[in-house]
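Step one of this worksheet: look at the structure below.
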Amino acid sequence: MKQVISLIAVGFLLAACKSGGGPVHYSAKAVNSSGQVLSSKTNITTNKEGVDLAVDTLCKANRSARQVIVETRSGKPIEGSPFRCR
């Protein structure tokens, strides 16, 4: 019985690895008009739910900057990036 449960558990783990499932993370940076990152303190790593909060936080710290949000696995900016402060 223990062997059957162990095999099922391993099967679930292998299926999760194969699907590429797992958290997707985003990196948020404040950049100036020439594309330079303003400060290492402006880099924020977040999940999808925290992207809006990261942009708002960076806007409060740097009103004139643009906020670039990049998906960390692919390195590609998300749709709408770079964001401008409202």
Side-chain angles (χ1 to χ4, degrees):
M1 186 65 178
K2 288 182 181 181
Q3 291 175 341
V4 173
I5 293 172
S6 296
L7 286 175
I8 291 172
V10 169
F12 279 122
L13 291 173
L14 288 175
C17 290
K18 185 177 179 178
S19 68
V24 176
H25 296 288
Y26 300 89
S27 175
K29 301 175 187 175
V31 297
N32 62 15
S33 60
S34 62
Q36 296 174 329
V37 176
L38 293 177
S39 169
S40 62
K41 294 180 182 178
T42 63
N43 293 338
I44 298 173
T45 302
T46 184
N47 59 8
K48 186 170 180 84
E49 292 79 20
V51 168
D52 291 334
L53 181 60
V55 170
D56 289 341
T57 301
L58 289 173
C59 279
K60 288 179 183 176
N62 302 290
R63 298 295 297 164
S64 62
R66 293 176 297 144
Q67 316 324 317
V68 178
I69 311 295
V70 176
E71 197 264 301
T72 56
R73 273 192 216 157
S74 68
K76 296 180 182 178
I78 65 170
E79 185 178 336
S81 183
F83 297 93
R84 294 199 180 272
C85 297
R86 298 179 208 133

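When the side chains of ILVMFWY residues are joined at heavy-atom separations under 4.5 Å, either directly or via intervening members, Val37 and Val70 end up in a single hydrophobic cluster.
Separation of atoms CZ (Arg66) and SG (Cys59) is listed at 12.0 Å; rounding is to 0.5 Å. The SG atom of Cys85 sits 7.5 Å away from the CG atom of Asn62 when rounded to the nearest 0.5 Å. Going from atom CD of Glu71 over to atom CD of Glu79 covers 14.0 Å, rounded to the nearest 0.5 Å.
What you find for Ser81 and Gln67 is that their closest heavy atoms are OG-O, 3.8 Å. Considering every non-hydrogen atom in both Tyr26 and Thr72, the closest pair reads C-CG2, 4.0 Å.
Contacts of Ala54 classified as side-chain contact (heavy atoms from CB on, under 4.5 Å), with partners at least two apart in sequence or in another chain: Ala28, Ile44, Thr46. Shown here are the side-chain contact (heavy atoms from CB on, under 4.5 Å) partners of Ser34, two or more places apart in sequence or in another chain: Asn32, Gln36. Residues satisfying the side chain to side chain donor-acceptor pair (under 3.5 Å) test with Asp56, not counting sequence neighbours, are none.
Residue Arg63 qualifies as enclosed at atom CZ: its count of foreign heavy atoms under 6.0 Å is above 12.
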